[in-house]
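Everything below concerns the one structure shown next.
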Amino acid sequence: MIRKLSILVLSLAALAPAFAMDAARSEAKQVIALQNGETLYVFKDGLMAKEGRFGSVVHLSKGEVVQSADGKSIATMGNEVARLSSLLNKGHGN
């Protein structure tokens, strides 16, 4: 019984990052993979945020142009650092 309970707890702990990622992806209208391993989130209101290749939120400069994985240039709008950070941390509460 204890073994089954510990397996359940470990399974749920492993899924926590997936739920956080799902929160960010479900809130975004579009998620675009970038050439350098980063990810660009385009929210429903047209504003954007960028996640670094290691999962941290990265600052977007005003009018920054990024390259998608398929080579297209995208001019960014907004810098939704707090919004993306909140979504990525959802489910990791203290």
Side-chain angles (χ1 to χ4, degrees):
M1 178 68 176
I2 293 175
R3 184 169 186 241
K4 289 181 181 179
L5 182 60
S6 63
I7 290 172
L8 176 65
V9 169
L10 290 173
S11 298
L12 292 175
L15 290 175
F19 289 131
M21 187 183 305
D22 287 342
R25 290 184 181 272
S26 67
E27 183 74 21
K29 175 177 73 172
Q30 188 176 13
V31 179
I32 303 168
L34 302 178
Q35 280 185 347
N36 56 2
E38 297 177 329
T39 305
L40 183 69
Y41 291 84
V42 182
F43 296 105
K44 293 174 179 101
D45 58 5
L47 298 176
M48 301 175 185
K50 186 167 63 169
E51 178 184 4
R53 70 178 101 172
F54 300 114
S56 61
V57 181
V58 178
H59 176 78
L60 278 173
S61 300
K62 186 176 182 180
E64 182 178 342
V65 177
V66 295
Q67 298 289 322
S68 67
D70 59 0
K72 295 179 184 171
S73 294
I74 302 167
T76 60
M77 293 183 59
N79 185 25
E80 296 294 302
V81 173
R83 184 185 208 175
L84 182 59
S85 180
S86 171
L87 290 169
L88 291 176
N89 289 323
K90 195 172 254 188
H92 297 276
N94 300 352

With clusters defined by side-chain heavy atoms of hydrophobic residues (ILVMFWY) lying less than 4.5 Å apart, directly or transitively, does [Y] cluster with [X]?
{"X": "Val31", "Y": "Val57", "answer": "yes"}
{"X": "Leu40", "Y": "Leu84", "answer": "no"}
{"X": "Val42", "Y": "Ile74", "answer": "yes"}

_Going by side chain to side chain donor-acceptor pair (under 3.5 Å), name the residues that satisfy it together with Ser68, two or more places apart in sequence or in a different chain._
Asp70

*asked:* If the condition is side chain to side chain donor-acceptor pair (under 3.5 Å), which residues does Ser73 pass it with, not counting sequence neighbours?
replied: Gln67

For residues 75-83, which side-chain N or O atoms pair as donor and acceptor with protein atoms under 3.5 Å away, sequence neighbours left out?
| from | atom 1 | to | atom 2 | distance (Å) |
| --- | --- | --- | --- | --- |
| Thr76 | OG1 | Glu64 | N | 3.4 |
| Thr76 | OG1 | Glu64 | O | 2.9 |
| Asn79 | OD1 | Leu60 | N | 2.9 |
| Asn79 | ND2 | His59 | ND1 | 2.7 |
| Arg83 | NH1 | Asp45 | OD1 | 3.2 |
| Arg83 | NH1 | Asp45 | OD2 | 3.2 |

*Hey, what do you get for OG1 (Thr39) to CZ (Arg25), rounding to the nearest 0.5 Å?*
6.0 Å

*How long is the gap from NZ on Lys29 to CE on Met48, to the nearest 0.5 Å?*
8.0 Å

_Test salt bridge (Lys or Arg N to Asp or Glu O under 4.0 Å) applied to Glu27 - qualifying residues, sequence neighbours left out_ = none

*Which pair of heavy atoms, one from Ala28 and one from Phe43, lies closest together, and at what distance?*
CA-CD2, 3.9 Å

*Determine the minimum heavy-atom distance between Leu88 and Gly55, stating which atoms define it.*
CD1-O, 3.9 Å

*Just grab all the salt bridge (Lys or Arg N to Asp or Glu O under 4.0 Å) pairs involving residues 33-44, residues at least two apart or on different chains.*
Glu38-Lys50

